[in-house]
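Report on the following structure.
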Amino acid sequence: MPKKDSGVTKEKTSKIVKKISASECGTGVLCTTRSGKQYQISQNPEKKKHTLWRIVDGGYEKIATGDSPYDLYPLIDWDK
C-alpha cells in the first residue's frame, strides 16, 4: 500500500517578516528546542493550513506549511 503524502510544503527561499500575517489567526504553538531556539506553528482556519516559523532577531522566518501541525514537528531540530 503506498504511503500517504504528508502535505508539507517547504519554502524554497528564506524571507524574514516582522509580523505573522493576520490570516494566521487560529490557535498556535510555541516550540523551544534544547538550545533555546524558538519556533512558532500558526494556523490559518480558513484554508485549514498550519505554518512553521523560526523566530529570529527582527521577526519570523517561514520554514514550511502543512495540513496538520503534526506534519511540521519533524522539521524542528529538537536536540540542537
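Counting from 1, the numbers follow the sequence of the chain as shown.
Between L30 and Q38 the shortest heavy-atom distance is CD2-NE2, 4.1 Å. The minimum heavy-atom distance linking S23 with P45 is given by the pair O-CD, 4.0 Å. Across V8 and D71, no two heavy atoms sit closer than the pair CG2-CB, 3.4 Å. Taking both residues in full, the closest heavy atoms of H50 and S68 are given as ND1-CA, 3.8 Å, listed atom of the first, atom of the second, then distance.
Residues passing the side chain to side chain donor-acceptor pair (under 3.5 Å) test with Y60: none are found, sequence neighbours excluded. For T9, there are no side chain to side chain donor-acceptor pair (under 3.5 Å) partners, not counting sequence neighbours.
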Per-pair distances, 0.1 Å, donor-acceptor, side chain in residues 13-20, under 3.5 Å, sequence neighbours excluded:
residue	atom	partner	partner atom	Å
S14	OG	E61	OE2	2.8

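When the shell of 6.0 Å around NZ of K37 is examined, it contains 12 or fewer heavy atoms from other residues, nucleotides or ligands.
By the rule that hydrophobic residues join a cluster once side-chain heavy atoms approach within less than 4.5 Å of another member, I41 and L75 end up as members of one cluster. In this structure, I76 is not a member of the same hydrophobic cluster as V56, with clusters built from ILVMFWY side-chain heavy atoms closer than 4.5 Å. There is no path of hydrophobic side-chain contacts, each under 4.5 Å, that joins V29 to I55.
Using a distance-only test at 3.5 Å, with no hydrogens or angles considered, no donor-acceptor pair links the side chain of E11 to the main chain of K62. When atom types are taken as modelled, the side chain of T32 and the backbone of G36 share no donor-acceptor pair closer than 3.5 angstrom.
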Exercise. So T51 and W53, side-chain contact (heavy atoms from CB on, under 4.5 Å) or not? Walk me through it.
Worked result: CA-CA 6 Å; T51 307; W53 304 86; 3.4 Å; yes

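Taking CD1 of I63 as the reference point, atom CD of Q40 lies at 12.5 Å (rounded to 0.5 Å). For the atom pair CH2 (W78) and OH (Y39), the distance works out to 9.0 Å, reported to the nearest 0.5 Å. Expressed to the nearest 0.5 Å, how far OG of S21 lies from CG of N44 amounts to 7.5 Å.
No salt bridge links D67 with K48; every basic N to acidic carboxylate O contact stays at or beyond 4.0 Å.
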